[in-house]
Amino acid sequence: MSLSTQPYKGARDFYPKDKRVQKYMFDVLRKAVEKFGYEEYDAPILESLDLYLAKSGEEIVNEQTYSFEDRGGRHVAIRPEMTPSVSRMVAAKRQELVYPLRWYSIPNLWRYERPQRGRLREHWQLNVDMFGDPHITAEHEIILLVDTILRDFGAKRSMYQIKINSRKFTDYVLLEYLSLDQVQAHTISKLIDRMQKMDHEDFIVQLDVLCTPSQREVGTVQRLLDVLSAKSIADLPQSVKDHASLKELEAIMNLLQEQGITNAVFDSSLMRGFDYYTGIVFEVFDMHPDNNRSMLGGGRYDGLVGLFGVEPVPTVGFGFGDVTLKNFLEIHELMPVLHPEADVYVVLIGDVYAKAQKHLSQMRKLGLNIVVDTSGRKIAAQIQTAEKKDIHFVMFIGEDELSTEQFVLKNLQTGEDNKHGLNRLISVAKDYRQVEDEGSDSSL
RNA sequence: GCGGAUGUAGCUCAGUUGGUUAGAGCGCCUGCUUGUGGCGCAGGAGGCCGUGGGUUCAAGCCCCAUCAUUCGCCCCA
């Protein structure tokens, strides 16, 4: 049996073409979050398994985490998410950090599960968190940042929708307004999470099953449906409309609205999987009919840093996976044509490799990225190679050029040939790169 | 963890009720064309038909298993 050339299940190889896409995406992400002053951090890919057990009972630890015992008998996990790590880091330096912290990272994460569209075993995820701001200014900034990121990728607001809800409001509705017990509330919140994907009648039946006879008598299911069906805060039943959590939501929505973010909507059925959220939660949905799914999500989690035995630090954050981002860009045709790093492909004519070195060094010294064809193949083949590599210019160096100090620079897109002295040639090639950069920026 | 679909050339895929040396398009290499690409023409390389068993005189095709890919479910970062 021969060795397989396939990568491990659910993991990806990044050939240069793929890596270029990743570099582009990460570059846009970094620039966007840095516009808001966020600082990049990192943490180890291995963590103590205990770190994830703190949120005990969740499936992620039991079944979806890669874990093993090291040679010293320690229980180790490959990080399935970044939030515990960053909470740990903040807790460790709780006293000396200057708040609010604005931190981001693009970690490599692993989860053990069956791969499917938009979900692999290995992925990268932009993680952005603000620590230390208990006010809605934090939620507002984070959601504004999410909007900025998508806009920077060239997305129009019609392409995505930002759904916003509040855990405080959900808890109030389930526990107080409907008087459900803790277990019922938890089960029903999971059911609500699946509501959009389910048949509506089926949803109602399952809700009904979860209610006690006395709850049925007071119309609990219908009262919940009335809340869930509200299209806006104003649309909510009168009896829940005045809850304090809604004032926060309203304030955030208004701020976003004023900035033209009209695709942010209140959605009381938005739950999110993790139990650690304590306030506002939000999720961004792709509106493309063929990719109608959640792209990213986040919210407020004020309790996690406190798990490390220090004063809690209020936190708002979100995660945005590279696989879902790539799907979004591709389906909306937002992925730009990406060129390789090289500016010029150098075709050597005759035995001039040694004599050309001086010129090649000068080109590199002045900031040009050049590829030298050392194959000795005929010129046509060398030009074809440059074209296949999508390099913009070809330069010819032969005996004639070396003696006259005049070099032909060929633009492969236009087919145009021009003779230049070396320094002139270098600046022409560099100018093109700058024009191209500006061009791609303005199209975003 | 559960269910469906699919594995044939580098890629996308044909391959009849089981029947000689398994095909196409694109890509790749060479030549036509010795210092200039994209088009054209001519030629060429490249396949244990995912893997292992089984049925049969005979298997790419039928049966079983297994691995992989993929879509969905569960769950969701």
Side-chain angles (χ1 to χ4, degrees), chain A residues 1-2 4-12 15 52 55 57-65 77-86 107-127 129 189-191 193-194 197-198 270-277 281 283 290-291 293-299 301 304 317-324 345-350 352 373 375-402 407-419:
Chain A
M1 177 138 153
S2 66
S4 171
T5 57
Q6 280 180 334
Y8 173 71
K9 188 184 183 74
R12 292 163 288 168
Y15 286 86
Y52 306 104
K55 301 179 297 170
E58 296 198 33
E59 187 184 19
I60 175 169
V61 177
N62 303 326
E63 293 171 23
Q64 299 199 345
T65 299
I78 302 178
R79 63 186 177 197
E81 56 166 333
M82 199 57 164
T83 304
S85 297
V86 70
N108 184 220
L109 307 172
W110 289 79
R111 56 192 166 205
Y112 191 82
E113 67 167 355
R114 186 132 176 201
Q116 55 189 288
R117 180 173 167 80
R119 271 174 90 76
L120 301 174
R121 287 182 169 184
E122 182 200 28
H123 71 133
W124 277 260
Q125 188 186 65
L126 171 70
N127 270 254
D129 294 284
S189 73
K190 298 285 175 194
L191 190 60
D193 201 25
R194 279 157 53 211
K197 292 195 207 169
M198 295 175 69
L270 178 68
M271 290 295 128
R272 302 217 23 93
F274 276 143
D275 293 337
Y276 58 57
Y277 290 110
V281 289
E283 219 162 81
D290 297 334
N291 196 46
R293 51 167 54 222
S294 168
M295 279 201 297
L296 70 93
Y301 53 99
L304 275 190
F318 71 92
F320 191 3
D322 70 320
V323 184
T324 45
Y345 194 84
V346 179
V347 171
L348 299 177
I349 302 161
V352 296
D373 191 318
S375 69
R377 293 190 306 162
K378 63 185 204 179
I379 292 168
Q382 295 192 40
I383 293 173
Q384 278 179 32
T385 302
E387 200 194 3
K388 277 175 212 151
K389 288 180 181 292
D390 208 19
I391 296 171
H392 194 74
F393 289 110
V394 166
M395 174 193 189
F396 301 95
I397 302 183
E399 294 292 353
D400 290 354
E401 286 78 3
L402 288 169
F407 301 88
V408 176
L409 186 67
K410 184 182 183 68
N411 181 325
L412 285 183
Q413 270 169 28
T414 62
E416 210 178 342
D417 271 357
N418 281 303
K419 264 198 174 178

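Quick note: numbers below take in every heavy atom, side chains included, and nothing from hydrogens, waters or symmetry partners. Convention: sequence-line order gives letters A, B, ...; per-chain numbering from 1.
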Query - Pairwise C1' distance for B:A24 and B:G46, with rounding to whole Å - result: 15 Å
For nucleotides 26-32 of chain B, print each protein N/O atom paired with a nucleotide N/O atom at under 3.5 Å, atom names and distance only.
residue, atom, partner, partner atom, Å
B:C28, OP1, A:Lys388, NZ, 3.2

Query - Close side-chain approach of A:Met395 to A:Tyr345, heavy-atom, < 4.5 Å - result: no
Query raised in the report: If we take the P atom in both B:C61 and B:G7, what is their distance in whole Å?
Result: 12 Å
Requested in this report: Determine whether the side chains of A:Arg117 and A:Asn291 contain a donor N or O and an acceptor N or O closer than 3.5 Å.
Outcome: yes
Report summary line: The nucleotide from B:C76, B:G4, B:G35 with an atom nearest the side chain of A:Glu401 is B:G35
Requested in this report: Look at all strands and tell whether A:Gln125 reaches a base, only sugar-phosphate, or nothing, counting heavy atoms closer than 4.0 Å.
Outcome: sugar-phosphate
**Report entry** Pair assignment for B:G1, Watson-Crick or G-U wobble, requiring both distances under 3.5 Å
**Finding:** B:C73
Query raised in the report: How many angstroms lie between atom CD of A:Glu81 and atom CG of A:Asn127, to the nearest 0.5 angstrom?
Result: 8.5 Å
Query raised in the report: Between A:Gly10 and A:Asp193, which has a closest nucleotide on RNA chain B that is more 5'?
Result: A:Gly10
Query raised in the report: Atom CG of A:Asn291 and atom P of B:G72: how far apart are they, to the nearest Å?
Result: 10 Å
Requested in this report: Please determine if a side-chain N or O atom of A:Arg194 lies less than 4.0 Å away from the OP1 or OP2 oxygen of B:C75.
Outcome: yes
Requested in this report: To the nearest Å, give me how far apart CG (A:Asp400) and P (B:U34) are.
Outcome: 17 Å
**Report entry** Whole-Å P distance, B:C13 and B:U56
**Finding:** 36 Å
Query raised in the report: Under a 4.0 Å N-O cut-off, is there an ion pair linking A:Glu113 with A:Arg121?
Result: no
Report task. Take atom C1' in B:G44 and the same atom in B:U34, then report the distance between them in whole Å. Result -> 22 Å
Query - Nucleotide paired to B:U66 in any strand shown, Watson-Crick or G-U, under 3.5 Å - result: B:G50
Query raised in the report: To the nearest angstrom, how far is A:Leu120 atom CG from B:A77 atom C1'?
Result: 13 Å
Query raised in the report: For the pair made of CZ in A:Arg293 and C1' in B:G72, what is the distance, rounded to whole Å?
Result: 11 Å
Report task. Could you work out the separation of B:U21 and B:C48 based on their C1' atoms and round it to a whole Å? Result -> 15 Å
Query raised in the report: In the strands shown, is B:U12 matched to any nucleotide by a Watson-Crick or G-U wobble pair with both distances under 3.5 Å, and which?
Result: B:A24
Query raised in the report: When we call it a touch if two heavy atoms are under 4.0 Å apart, what does A:Gly321 touch: a base, just sugar-phosphate, or nothing?
Result: nothing
**Report entry** Distance, rounded to the nearest Å, where A:Gln64 contributes CD and B:C73 contributes P
**Finding:** 15 Å
Report task. Both distances under 3.5 Å, Watson-Crick or G-U wobble: report the partner of B:G35, or none. Result -> none
Query raised in the report: Are A:Ile383 and A:Leu412 side-chain neighbours, meaning at least one heavy-atom pair lies under 4.5 Å?
Result: yes
Requested in this report: Could you check if a side-chain atom of A:Val281 sits within less than 4.5 angstrom of a side-chain atom of A:Leu270, using non-hydrogen atoms only?
Outcome: yes
Query - Presence of A:Lys190 side-chain N/O under 4.0 Å of B:C74 phosphate oxygens OP1/OP2 - result: no
Query raised in the report: Using atom C1' of each nucleotide, how far apart are B:G60 and B:G18 to the nearest Å?
Result: 10 Å
Report task. Scan A:Arg272 against the nucleic acid and name what it touches under 4.0 Å (heavy atoms): base, sugar-phosphate only, or nothing. Result -> sugar-phosphate
Query raised in the report: Are any of the side-chain heavy atoms of A:Pro80 and A:Gln64 separated by less than 4.5 Å?
Result: no
Query raised in the report: Is it true that A:Glu283 and A:Arg272 make a salt bridge, defined as a side-chain N closer than 4.0 Å to a carboxylate O?
Result: yes
Report task. Answer with yes or no whether A:Arg119 presents, from its side chain, a donor or acceptor under 3.5 Å of a partner atom in the base of B:C76. Result -> yes
Query raised in the report: When we call it a touch if two heavy atoms are under 4.0 Å apart, what does A:Arg111 touch: a base, just sugar-phosphate, or nothing?
Result: base
Report summary line: Walking RNA chain B from its 5' end, the first of A:Gln413 and A:His123 to be reached, judged by nearest nucleotide, is A:Gln413
Query raised in the report: Using atom C1' of each nucleotide, how far apart are B:U33 and B:G38 to the nearest Å?
Result: 15 Å
**Report entry** Euclidean distance, atom CZ of residue A:Phe318 to atom C1' of B:A77 [Å, nearest integer]
**Finding:** 14 Å
**Report entry** Closest listed nucleotide, where the reference is the side chain of A:Arg117 and the choices are B:C71, B:U36, B:G38
**Finding:** B:C71
Query - Selection from B:C71, B:C76, B:U36 that lies nearest to any side-chain heavy atom of A:Asp417 - result: B:U36
Requested in this report: Can you figure out which of B:C73, B:U36, B:G37 approaches the side chain of A:Phe396 most closely?
Outcome: B:U36
Query raised in the report: Heavy atoms under 4.0 Å, any strand shown: does A:Gln6 hit a base, just sugar-phosphate, or nothing?
Result: sugar-phosphate
Query - Given A:Leu109, A:Thr324, A:Asn108, the one that forms side-chain contact (heavy atoms from CB on, under 4.5 Å) with A:His123 - result: A:Leu109
**Report entry** Separation of the C1' atoms in B:U55 and B:A14, to the nearest angstrom
**Finding:** 27 Å
Report task. To the nearest Å, give me how far apart CG (A:Leu296) and P (B:C76) are. Result -> 18 Å
Query raised in the report: Going by an N to O cut-off under 4.0 Å, is there a salt bridge joining A:Asp322 and A:Arg12?
Result: yes
Requested in this report: For A:Ile383 and B:U33, give me the distance from atom CD1 to atom C1', rounded to whole Å.
Outcome: 13 Å
Requested in this report: Report which part of the nucleic acid A:Val347 touches: base, sugar-phosphate, or nothing (heavy-atom distance under 4.0 Å, all strands).
Outcome: nothing
